[in-house]
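Everything quoted here is computed from the prediction, not taken from an experiment.
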Amino acid sequence: MPPRFPSLPSTLTPFLHPFLLSSTKCGGYRTLSNTLIQRYEALQESSLPKEGSHLNPPPDDYSNTAFADKATIVVHSGPGGHGCVSFLKEKFIAAGPANGGDGGTGGNIYIQAVRGLTSLHKLARRTNIKAGRGRNGQGKTKGGERGDDVVIQVPVGTVIRELERDDPVAMEEQMAKLDAGKGEGESTETVDGKGPWKWSRDKWLLYPAITKEDIASAEFPKLPKGRKSMLAMSQVKAPVSLDLSVPMEQPILLAAGAVGGLGNPHFVTKTVPRPKFATKGELGIKITLELELKLLADVGLVGLPNAGKSTLLRALSKSRARVGNWAFTTLQPNIGTVVIDTHHGRPMLRSTYDDGEPRTCFTIADIPGLVADAHLDRGLGISFLRHVERARVLAFVIDLSNGDVVAALKALWREVGLYEAMKIQEEQDAANTIVEWTPFETVDDALRGSSETIVIPKRGPTWDNPLGPDMFSIADKPWFVVATKADLPETQEQFEALRTYIQNVNNDMEAHPSEQKRVWRQRVEVIPVSAINGHGVEKITEVTVGLLDA
């Protein structure tokens with residue numbers, strides 16, 4: 001009698017329900033167990049995992065997500081609505097008083113760092129972001145509605161720098177200071193000081209039925225000064241320089257909306273009881289911002305091209321990073337999550353955050369391979385070196401089958417160190433150095449030889465800007481070495497050489513590979529792994545959790 005379910009012998013069904021397979025009592029059990037043993041031995045003898053598995057995936061298993069770590073956007077706060085020119089119209093009232101409402105305030109521009117976002121590609125496509133315009137005022141002293149606000153959401157780890165700013169109200173204030181010494185006849189409100197053009201088209205809004213004669217005979221009051229919204233006091237101090245390194249519960253204000261114009265009741269006087277003019281709304285602020293994403297990961301994988309970083313990321317997590325036996329298979333950073341507590345029984349490892357909250361996972365960033373002179377933008381270069389400085393722990397991935405491993409480790413540290421020095425110099429050159437100078441007060445101070453006081457404000461977060469970017473240091477980060485392809489027989493000598501070198505560094509018998517003075521002085525681990533087989537990767541998790549808790 002043939003089996004009832006021919007597709008079941010590859011499962012454990014015969015051991016649980018033998019009656020489903022055959023009508024014989026015990027004849028097929030010995031043959032089935034031998035088959036399972038042969039399959040297990042064949043799997044053990046194979047050097048590579050089964051084709052189509054997570055560590056040896058087919059091409060259609062690769063993820064190809066959109067990624068952008070730099071973007072330049074122009075934000076426009078909403079302009080204010082115009083004031084209204086209106087008069088009371090009721091029965092038995094021939095010429096009613098002015099009752100035009102004020103214009104509404106424009107919309108604000110906010111920014112917020114949120115979890116879950118890992119790229120700036122959406123903002124890179126939107127070059128202009130505009131808030132809503134305030135509505136115009138209406139009759140019966142009805143004010144206009146406020147414009148719609150815009151909240152820009154960015155990934156955690158985004159650095160924001162201001163490139164250009166256009167603030168019409170601030171420019172008017174500067175012009176007012178320049179014109180402070182001029183007489184009344186030299187006012188900039190008129191073109192020639194006389195005639196029908198003594199009003200500003202950009203500021204005044206006239207009644208539609210007004211004639212040229214009315215304009216010539218009208219007594220326009222002094223143009224009101226530029227006004228700012230009350231929210232302008234809470235916006236980020238110019239120039240904008242932010243480092244959004246933590247998630248934000250509430251967004252912060254980048255640009256406040258402009259105030260609306262004044263209705264004609266504001267200009268009622270004894271001589272002009274029914275003014276036929278109102279003011280237009282103020283123009284909004286225009287800011288050009290440069291956004292730079294520096295991924296915040298617990299571990300950053302740093303290595304030469306084709307060192308096995310993407311395969312290692314797949315072995316540690318459920319990442320679907322592209323893998324291949326050629327250089328530069330990784331063209332963009334990939335983030336993987338290593339789960340240490342699945343909430344099913346006892347956790348793999350116990351770890352806590354700085355605030356005492358239990359740690360259930362940590363993230364690993366696979367950074368594209370570095371080549372010689374990567375700090376000079378060779379290879380993929382600077383475009384991805386910026387992600388190294390944000391990782392809390394650095395893992396240097398060394399391929400044991402690719403030449404001198406000690407020279408490879410020193411080359412990686414050299415590129416990271418040169419990039420750090422270059423970025424520090426760029427930050428110092430780009431900073432607007434503000435020097436506070438206290439000169440000699442008397443001649444006796446100079447004759448006494450006392451020095452003048454010169455104070456240069458410290459870079460980084462300040463009282464005025466608590467989210468300002470701080471200076472970074474890479475050499476003093478915790479780090480360890482992952483030696484890949486350690487299962488090959490010909491790599492044993494290279495691993496011994498690498499381990500001996502790291503022991504000498506730990507014992508201060510060798511200089512730190514970064515050749516810097518401010519370095520991490522604790523013990524450095526060397527972990528041999530076979531990423532393609534998933535062997536030895538558990539040690540990486542243990543070492544990482546220990547460094548994060550230190």
Side-chain angles (χ1 to χ4, degrees), residues 71-86 98-114 122-123 125-154 160 162-173 200-206 208 223-240 242 244 248-267 277-289 291:
T72 302
I73 60 175
V74 182
V75 297
H76 305 258
S77 63
H82 301 327
C84 179
V85 181
S86 176
N99 65 350
D102 298 339
T105 306
N108 308 314
I109 299 290
Y110 296 89
I111 195 164
Q112 181 181 16
V114 297
K122 293 183 179 180
L123 290 177
R125 300 170 183 172
R126 299 178 58 187
T127 56
N128 287 276
I129 300 177
K130 299 182 180 181
R133 179 182 179 275
R135 299 297 182 88
N136 297 335
Q138 301 178 12
K140 299 182 180 180
T141 62
K142 292 182 180 180
E145 297 180 358
R146 290 185 65 253
D148 296 331
D149 298 335
V150 173
V151 179
I152 304 174
Q153 293 185 343
V154 297
I160 304 172
E162 178 181 328
L163 301 180
E164 187 179 357
R165 176 182 291 257
D166 182 10
D167 190 349
V169 177
M171 293 180 63
E172 287 187 13
E173 293 177 353
S200 174
R201 293 179 179 271
D202 298 332
K203 294 296 183 180
W204 291 105
L205 185 69
L206 302 180
L223 189 65
K225 296 181 179 180
R227 299 178 298 140
K228 293 184 178 180
S229 172
M230 295 298 294
L231 290 177
M233 299 295 295
S234 60
Q235 69 184 10
V236 178
K237 186 178 179 181
V240 177
L242 302 176
L244 308 182
M248 303 166 56
E249 296 183 359
Q250 296 181 350
I252 57 176
L253 181 62
L254 280 182
V259 297
L262 301 176
N264 59 339
H266 291 272
F267 307 103
F277 44 82
T279 59
K280 295 183 178 180
E282 300 289 346
L283 298 177
I285 304 175
K286 174 184 174 182
I287 308 177
T288 304
L289 299 175
L291 279 62

Test side-chain hydrogen bond (donor to acceptor under 3.5 Å, both in side chains) applied to Thr141 and Asn99, step by step = CA-CA 5 Å; Thr141 62; Asn99 65 350; over 6 Å; no
Of all heavy-atom pairs linking Lys228 and Ala232, the shortest is CB-CB, 4.2 Å
Set of side-chain contact (heavy atoms from CB on, under 4.5 Å) partners for Val85, sequence neighbours left out | Phe87, Tyr207, Asn264, Ala278
Using the test side-chain contact (heavy atoms from CB on, under 4.5 Å), find all partners of Ile73 that sit at least two apart in sequence or belong to another chain.
-> Val75, Leu123, Ile129, Ile152, Leu289, Leu291
Answer yes or no: does atom NZ of Lys280 have more than 12 heavy-atom neighbours from other residues, nucleotides or ligands under 6.0 Å?
-> yes
Just list the side-chain donor-acceptor pairs under 3.5 Å for residues 105-112, sequence neighbours left out, or say none.
unit_1	atom_1	unit_2	atom_2	d
Asn108	OD1	Gly257	N	2.6
Asn108	ND2	Tyr110	OH	3.4
Gln112	NE2	Met248	O	2.9
Gln112	NE2	Glu249	O	3.4

Is atom CZ of Arg135 surrounded by more than 12 heavy atoms (other residues, nucleotides or ligands) closer than 6.0 Å?
-> no
Gly143 backbone acceptor or donor facing Asp102 side chain under 3.5 Å | no
Measure across Pro168 and Gly284 and return the closest heavy-atom pair with its distance rounded to 0.1 Å.
-> CD-O, 3.5 Å
Keeping the roles fixed (side chain from Ser77, backbone from Ile285), state whether a donor-acceptor pair exists under 3.5 Å.
-> yes
Please report the shortest heavy-atom distance between Cys84 and Gly137, naming the atom on each side.
-> CB-O, 3.3 Å
Do Arg227 side-chain atoms and Gly260 backbone N/O form a donor-acceptor pair below 3.5 Å?
-> yes
Give a yes or no on whether Glu164 atom CD has more than 12 heavy-atom contacts from other residues, nucleotides or ligands under 6.0 Å away.
-> no
Does the side chain of Trp204 come within less than 4.5 Å of Thr279's, by heavy atoms?
-> yes
Looking only at heavy atoms, the pair that brings Gly100 and Pro265 closest together is O-CD, 3.1 Å
Do the charged groups of Lys203 and Glu282 touch, with an N to O distance under 4.0 Å?
-> yes
Partners meeting side-chain hydrogen bond (donor to acceptor under 3.5 Å, both in side chains) with Glu162 (sequence neighbours left out) | Arg165
side-chain contact (heavy atoms from CB on, under 4.5 Å) partners for Gln138, two or more places apart | Lys142
Atom pair CG (Leu283) and NE2 (His76), whose distance is rounded to the nearest 0.5 Å = 12.0 Å
Who passes side-chain contact (heavy atoms from CB on, under 4.5 Å) against Ser234, sequence neighbours left out?
-> Leu231, Leu253
